[in-house]
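Below, chain A is the first sequence line, B the second, and so on; all start at residue 1. Since this is a predicted model, take the numbers as computed values, not measurements.
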2 protein chains.
Amino acid sequence: MILGFLAEGPMHGYELRRRMEQLHGYAHPVSFGTLYPAIARLAAAGFVRQESGPGTASARRITLHLTDAGRAELYERLRTAEGTDITDGQRFMVLLAFLSMLPDKAERDAVLRRRLEFLSQPASFFYEDGHPLKADDISDPYRRGILVSARATSRAERDWLTAMLTAGAKEPS
Amino acid sequence: MILGFLAEGPMHGYELRRRMEQLHGYAHPVSFGTLYPAIARLAAAGFVRQESGPGTASARRITLHLTDAGRAELYERLRTAEGTDITDGQRFMVLLAFLSMLPDKAERDAVLRRRLEFLSQPASFFYEDGHPLKADDISDPYRRGILVSARATSRAERDWLTAMLTAGAKEPS
DNA sequence: AGGCTAATGCATCGATTCGACATATAGCGA
DNA sequence: TCGCTATATGTCGAATCGATGCATTAGCCT
């Protein structure tokens with residue numbers, strides 16, 4: 001997420017955190033204890049350059065810039081996304097937010113296809129003796145609510161993914 | 001989640017992890033490095049009792065039981081849920097999965113109302129100069145997809161929450 | 001019966017993240 | 001002037017993650 005936002009232009013850590021918070025829909029903000037060490041690691045790896053602004057002594061302002069190596073790293077991470085980056089909705093949403101930066105359309109489509117594949121395999125949230133329970137089988141109204149909401153979510157995203165993959169389709173699968 | 005599943009009956013850690021994985025829709029499994037220390041903490045606090053099963057020597061099987069104090073703790077955590085437990089969709093889903101265990105309907109409704117309130121306040125994922133961007137204003141197709149999916153999710157959950165709160169309503173707000 | 005593979009089950013380790021706190025400047029209203 | 005909020009960078013202990021190790025049990029093929 002840091003590499004992605006910095007690819008849009010230089011900014012400070014604080015501004016970065018505000019955007020991260022917004023991208024997560026204010027549901028789960030990233031803490032400073034996560035953000036600043038993460039910036040430090042990216043800087044140590046040469047992906048981010050830190051430039052001191054005015055007021056260097058007491059109240060320091062540090063502007064963060066993405067390096068060429070950082071941009072390459074961003075592309076690489078978008079391209080090779082797998083595991084929880086695909087299966088976890090929050091993580092995948094972050095991927096989507098910056099996916100358009102990946103130049104190759106075939107590679108972008110491949111990412112979408114991996115997500116669609118995961119969403120297409122039938123999965124419930126409650127099981128009995130190994131087989132999934134349907135909404136009608138569940139008496140607990142709250143658990144039924146989980147299933148109903150999840151179904152709606154999955155359907156909406158699958159429809160959108162399918163539309164995206166068939167729209168400008170050059171390679172018929 | 002551990003307290004909730006153990007409230008349904010005793011089981012070992014491995015079985016616990018499988019159910020946690022299912023409840024998350026296989027999107028983000030909980031690692032053993034998280035689970036076993038968490039069990040140990042709950043046991044140290046007196047919320048969980050560990051009983052050694054057969055094969056005590058080499059291949060030990062430890063069955064976990066919820067204590068009375070553990071059940072009280074579960075109720076308390078369901079009752080007083082706030083912050084990311086309400087705003088974060090994954091966390092709230094866990095809450096929902098065990099909410100029916102909470103005896104008092106008014107307290108259960110209060111939890112739902114907190115979630116509904118959060119979902120009702122208008123929030124986008126992308127902003128420009130402080131004000132939220134609508135789907136039509138966003139040219140990036142992937143970001144538009146994020147908004148479209150999120151809208152569908154939010155609408156489905158809000159509809160369900162509203163239905164739940166008005167259905168067996170005894171207290172007209 | 002023997003051997004291979006997968007699943008079950010408990011546990012630890014280093015790296016990462018979380019949540020709370022510390023610190024300083026700037027602006028604004030009572 | 002006092003208090004509150006926003007901006008801005010950071011630290012620290014506790015919790016979590018992801019990978020790995022290791023032993024036992026179950027199923028399956030030949």
Protein-nucleotide distance ([X], atom [atom1]; [N], atom [atom2]), rounded to Å:
X       : N      : atom1 : atom2 : result
B/Gln90 : D/dC17 : CD    : P     : 11 Å
A/Leu64 : D/dT7  : CG    : P     : 17 Å
A/Met1  : C/dT16 : CE    : C1'   : 15 Å
A/Ile2  : C/dT16 : CD1   : P     : 12 Å
B/Leu35 : D/dG18 : CG    : C1'   : 14 Å
B/Met20 : D/dG18 : CE    : P     : 14 Å
A/Leu42 : C/dT17 : CG    : C1'   : 14 Å
B/Arg18 : C/dA6  : CZ    : C1'   : 14 Å

A/Phe98: what forms a ring-ring contact (aromatic ring centres under 6.0 Å, His included) with it, not counting sequence neighbours?
A/Phe5
When you check the gap from the basic side-chain N to the acidic O, do A/Arg114 and A/Glu117 get nearer than 4.0 Å?
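Looking at A/Arg114 and A/Glu117, the cut-off is not met.
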Taking only side-chain N and O atoms of A/Arg41, does any of them lie within less than 4.0 angstrom of OP1 or OP2 on C/dT17?
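Answer yes for this pair, as a side-chain N or O of A/Arg41 is under 4.0 Å from OP1 or OP2.
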To 10°, what angle do the rotation axes through the five end pairs on each side of the helix from C/dA1-D/dT30 to C/dA30-D/dT1 form?
30°
Which of parallel (below 30°), tilted (30 to 60°) and perpendicular (above 60°) describes B/Phe32 and B/Tyr14?
parallel
Measure all distances between protein nitrogen or oxygen atoms and nitrogen or oxygen atoms of nucleotides 9-12 of chain D, and list the pairs falling under 3.5 Å.
| residue | atom | partner | partner atom | Å |
| --- | --- | --- | --- | --- |
| D/dT9 | OP1 | A/Ile62 | N | 3.1 |
| D/dT9 | OP1 | A/Ile62 | O | 3.0 |
| D/dT9 | OP2 | A/Gly13 | N | 3.1 |
| D/dT9 | OP2 | A/Tyr14 | N | 2.9 |
| D/dT9 | OP2 | A/Tyr36 | OH | 3.2 |
| D/dG10 | OP1 | A/Arg60 | NH1 | 3.4 |
| D/dG10 | OP1 | A/Arg60 | NH2 | 3.1 |

Distance-only donor-acceptor hits, side chain of residues 138-148 of chain A, under 3.5 Å, sequence neighbours excluded:
| residue | atom | partner | partner atom | Å |
| --- | --- | --- | --- | --- |
| A/Asp140 | OD1 | A/Tyr142 | N | 2.9 |
| A/Asp140 | OD1 | A/Arg143 | N | 3.3 |
| A/Asp140 | OD2 | B/Ser100 | OG | 2.6 |
| A/Tyr142 | OH | B/Arg108 | NE | 2.8 |
| A/Arg143 | NE | B/Ala97 | O | 2.7 |
| A/Arg143 | NH1 | B/Glu8 | OE2 | 3.4 |
| A/Arg143 | NH2 | B/Glu8 | OE2 | 2.6 |
| A/Arg143 | NH2 | B/Ala97 | O | 2.9 |
| A/Arg144 | NH1 | A/Ile138 | O | 2.8 |

Would you be so kind as to tabulate the donor-acceptor pairs closer than 3.5 Å made by side chains of residues 34-49 of chain B, with sequence neighbours excluded?
| residue | atom | partner | partner atom | Å |
| --- | --- | --- | --- | --- |
| B/Thr34 | OG1 | B/Ser31 | OG | 3.1 |
| B/Arg49 | NH1 | B/Glu51 | OE2 | 2.4 |

Classify the nucleic acid contact of A/Arg17 as base, sugar-phosphate or nothing, counting any heavy atom under 4.0 Å across all strands shown.
nothing
Decide whether B/Arg158 and B/Ser154 meet the rule of one side-chain donor and one side-chain acceptor closer than 3.5 Å.
yes
Which atom of A/Arg91 lies closest to which atom of A/Asp85, heavy atoms considered:
NH1-OD1, 2.9 Å
Which nucleotide wins on minimum distance to the side chain of B/His28, given the candidates D/dG18, D/dT7, D/dA15?
D/dG18
Here the salt bridge (charged side-chain N to carboxylate O under 4.0 Å, His left out) pairs for residues 145-155 of chain A, sequence neighbours left out, are A/Arg155-A/Asp159
CG of B/Asp68: more than 12 outside heavy atoms within 6.0 angstrom?
no
